[in-house]
Participant: 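Here it is: the structure, laid out below.
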Amino acid sequence: MSHFTYKLLLALSSFWLILAGDRVDAQEVTIHGTVYNMYRTRPLDAVSVICTSGRGTTTDSNGNYMITVRPDDSIYFSYLGRSTVKYPVSTINTLSSFDIALHVDPLELKEVRVMPQNYRMDSLQNRKDYAKIFDFKKPGFKLSSANSGPGVGVDLDELINVFRFNRTRRILAFQRRLEDEEQEKFIDHRFSHYIVKKVTRMNNDDEIDSFMVKYRPSYAFCAWASDYDFLDYIKLAYQEYRKEGRKKTGEMKKP
């Protein structure tokens, strides 16, 4: 039996084990908890909670999180560019309240809250935190160079991942969600309250919010438009907005 045939048979014989492993969804566990500052005096929002199998979430405004993982996973937390150690799920005694305190300097927190958001830095950090998810590609059949001897062999890891359907679906769904969130944040960055107010000179926040909802641009436009094109778009949209406002006012005055 050739080395190639042996490796192929070995991979195929693992197929049932792979399917059994893929059915681990039925054995998955859900971890709940709250993330606090180092003194446990306040909860922390926007903390990334990530597991080694690729899933992830973030804490809400009250510092709470919920993540569903496999028993053989580990989870870790990332905040302000710093990551904690990995906690094996099998060693977590209380899955319903796995709380953790992050050692974050209060002065650093204050600075982050007060200073305007730097979209580019936030985006780069997000890409770094979720690098495995952003770089993930749907598994396919691949040949790899044999570790010993001439010729090529089957990439067993890649072949195994081909049949881990649930895992692939989960990671791709999470990847799409991260990409959608990234695009929405980019639109928010370019089409900001500050820019709209500066260009239109509107002073009423409710009116500005109404305008921004109605004329929110697409991600594609935000990505290719120059600063001149973008500001011109806001001016033209505001002219249309004012025209519609005058039309509604005129209709209301009709007897």
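This is a predicted model, so every value here is computed, not measured.
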Participant: The test is ring pair (Phe, Tyr, Trp, His ring centres under 6.0 Å); show your working for Tyr219 and Phe186 and say whether it passes.
Facilitator: CA-CA 7 Å; Tyr219 170 75; Phe186 181 68; 5.7 Å; yes
Participant: Quick check for you: to the nearest 0.5 Å, what is the distance between Tyr36 atom OH and Leu44 atom CG?
Facilitator: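 Going from OH on Tyr36 over to CG on Leu44, the span is 10.0 Å.
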Participant: Whether the Asn64 and Thr34 side chains hold a donor-acceptor pair (N or O, under 3.5 Å, no angle test) is what I'd like checked.
Facilitator: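 The criterion, which ignores hydrogens and geometry beyond distance, is satisfied for Thr34 and Asn64.
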Participant: Any chain of hydrophobic side-chain contacts (each under 4.5 Å) joining Tyr87 to Val29?
Facilitator: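 Yes; tracing contacts between hydrophobic side chains, which count when under 4.5 Å, links both residues.
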Participant: Identify the two heavy atoms, one from Thr94 and one from Ser97, that lie closest to each other, and give their separation to 0.1 Å.
Facilitator: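 Heavy-atom minimum between the residues: CG2-OG, 3.1 Å.
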Participant: side-chain contact (heavy atoms from CB on, under 4.5 Å) between Leu102 and Asn37: does it pass, once the steps are laid out?
Facilitator: CA-CA 5 Å; Leu102 299 185; Asn37 65 346; over 6 Å; no
Participant: Do the charged groups of Glu181 and Arg177 touch, with an N to O distance under 4.0 Å?
Facilitator: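 Looking at Glu181 and Arg177, the cut-off is met.
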Participant: Any link between Met66 and Phe77 through a network of hydrophobic side chains (Ile, Leu, Val, Met, Phe, Trp, Tyr) touching at under 4.5 Å?
Facilitator: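 No, Met66 does not connect to Phe77 through the hydrophobic network.
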Participant: Can you hop from Ile234 to Val213 via hydrophobic side chains spaced under 4.5 Å?
Facilitator: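 Hydrophobic grouping puts Ile234 apart from Val213.
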Participant: Do you know which two heavy atoms are closest between Ser218 and Ile187, and how far apart they sit?
Facilitator: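 So the minimum-distance heavy-atom pair works out to C-CD1, 4.0 Å.
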Participant: A side-chain contact here means heavy atoms from C-beta on lying under 4.5 Å apart; do Tyr65 and His32 qualify?
Facilitator: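 Not in contact.
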Participant: Would you compute the distance between atom CG of Asp188 and atom NE2 of His193 and round it to the nearest 0.5 angstrom?
Facilitator: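 So the CG of Asp188 and the NE2 of His193 are separated by 12.5 Å.
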Participant: Please determine, by modelled atom types, if Ser48 and Thr58 share a side-chain donor-acceptor pair under 3.5 angstrom.
Facilitator: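 No - no donor-acceptor pair under 3.5 Å links their side chains.
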Participant: Looking at every heavy atom in both Pro71 and Gln27, which two are closest together, and how far apart are they?
Facilitator: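 Taking every non-hydrogen atom into account, CG-O, 3.5 Å.
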Participant: Work out which heavy atom in Tyr76 is nearest to a heavy atom in Val85; give both atom names and the distance.
Facilitator: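 Heavy-atom minimum between the residues: CB-O, 3.5 Å.
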Participant: Could you pull out the closest heavy-atom pair between Phe174 and Gly54, with the gap in Å?
Facilitator: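 Residues Phe174 and Gly54, closest heavy atoms: CD2-O, 3.3 Å.
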Participant: Measuring only between side-chain heavy atoms, which start at C-beta, is Arg55 closer than 4.5 Å to Val49?
Facilitator: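 No; the side chains remain at least 4.5 Å from each other.
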Participant: Calculate, to the nearest 0.5 Å, the distance between atoms CD and CZ belonging to Gln175 and Arg170 respectively.
Facilitator: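 Going from the CD atom of Gln175 to the CZ atom of Arg170 covers 14.5 Å.
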Participant: What residue among Asp72, Val69, Ile67 forms side chain to side chain contact (heavy atoms under 4.5 Å, CB included) with Val89?
Facilitator: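 By the side chain to side chain contact (heavy atoms under 4.5 Å, CB included) criterion, Val89 pairs with just one of Asp72, Val69, Ile67: Val69.
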Participant: Can you see which heavy atom on Arg70 is nearest to which on Ser53, and at what distance?
Facilitator: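 Scanning both residues completely, I find the closest heavy atoms to be NH1-CB, 3.8 Å.
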Participant: Say you draw a straight line from OH of Tyr194 to CD1 of Ile208; how long is it, rounded to the nearest 0.5 Å?
Facilitator: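 Tyr194 OH to Ile208 CD1: 12.5 Å, rounded to 0.5 Å.
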Participant: Does Asp60 offer a backbone N or O that forms a donor-acceptor pair with the side chain of Asp45 under 3.5 Å?
Facilitator: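 Judged by distance alone, no pair lies under 3.5 Å.
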Participant: Rounded to the nearest 0.5 Å, how far does NZ of Lys198 lie from CG of Leu231?
Facilitator: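 The NZ atom of Lys198 is 9.0 Å from CG of Leu231, to the nearest 0.5 Å.
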Participant: Would Leu172 and Arg176 satisfy side-chain contact (heavy atoms from CB on, under 4.5 Å), going step by step from the backbone distance to the final call?
Facilitator: CA-CA 6 Å; Leu172 288 176; Arg176 285 192 294 271; 3.8 Å; yes
Participant: Could you walk me through whether Glu240 and Lys235 pass the salt bridge (charged side-chain N to carboxylate O under 4.0 Å, His left out) test, one step at a time?
Facilitator: CA-CA 9 Å; Glu240 183 67 21; Lys235 291 177 183 177; over 6 Å; no
Participant: Using the ring of Phe230 (Phe, Tyr or Trp, six-membered ring only), decide whether Arg190 places NZ or CZ under 6.0 Å from its centre and within 45 degrees of its axis.
Facilitator: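 That pair qualifies as a cation-pi contact.
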Participant: May I ask you to check whether Tyr215 and Tyr238 place their ring centres under 6.0 Å from each other?
Facilitator: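 Ring centroids of Tyr238 and Tyr215 are no less than 6.0 Å from each other.
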Participant: Could Arg242 and Glu207 be called an ion pair, given the rule that one side-chain N must be under 4.0 Å from one carboxylate O?
Facilitator: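 No salt bridge links Arg242 with Glu207.
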Participant: Dump the intermediate steps for side-chain contact (heavy atoms from CB on, under 4.5 Å) on Phe191 and Met212, then the final yes or no.
Facilitator: CA-CA 8 Å; Phe191 195 60; Met212 292 181 69; 3.7 Å; yes
Participant: Please name all residues satisfying side-chain contact (heavy atoms from CB on, under 4.5 Å) with Thr52, sequence neighbours left out, ordered by chain then number.
Facilitator: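 Expected list: Asp73, Ser74, Lys86.
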Participant: Find the distance between CZ (Phe221) and CG (Asp229) and round it off to the nearest 0.5 Å.
Facilitator: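 Between Phe221 CZ and Asp229 CG, I get 6.0 Å after rounding to 0.5 Å.
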Participant: Taking 4.0 angstrom as the limit, do Glu184 and Arg216 come out as a salt bridge?
Facilitator: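 Between Arg216 and Glu184 there is a salt bridge, with a charged N closer than 4.0 Å to a carboxylate O.
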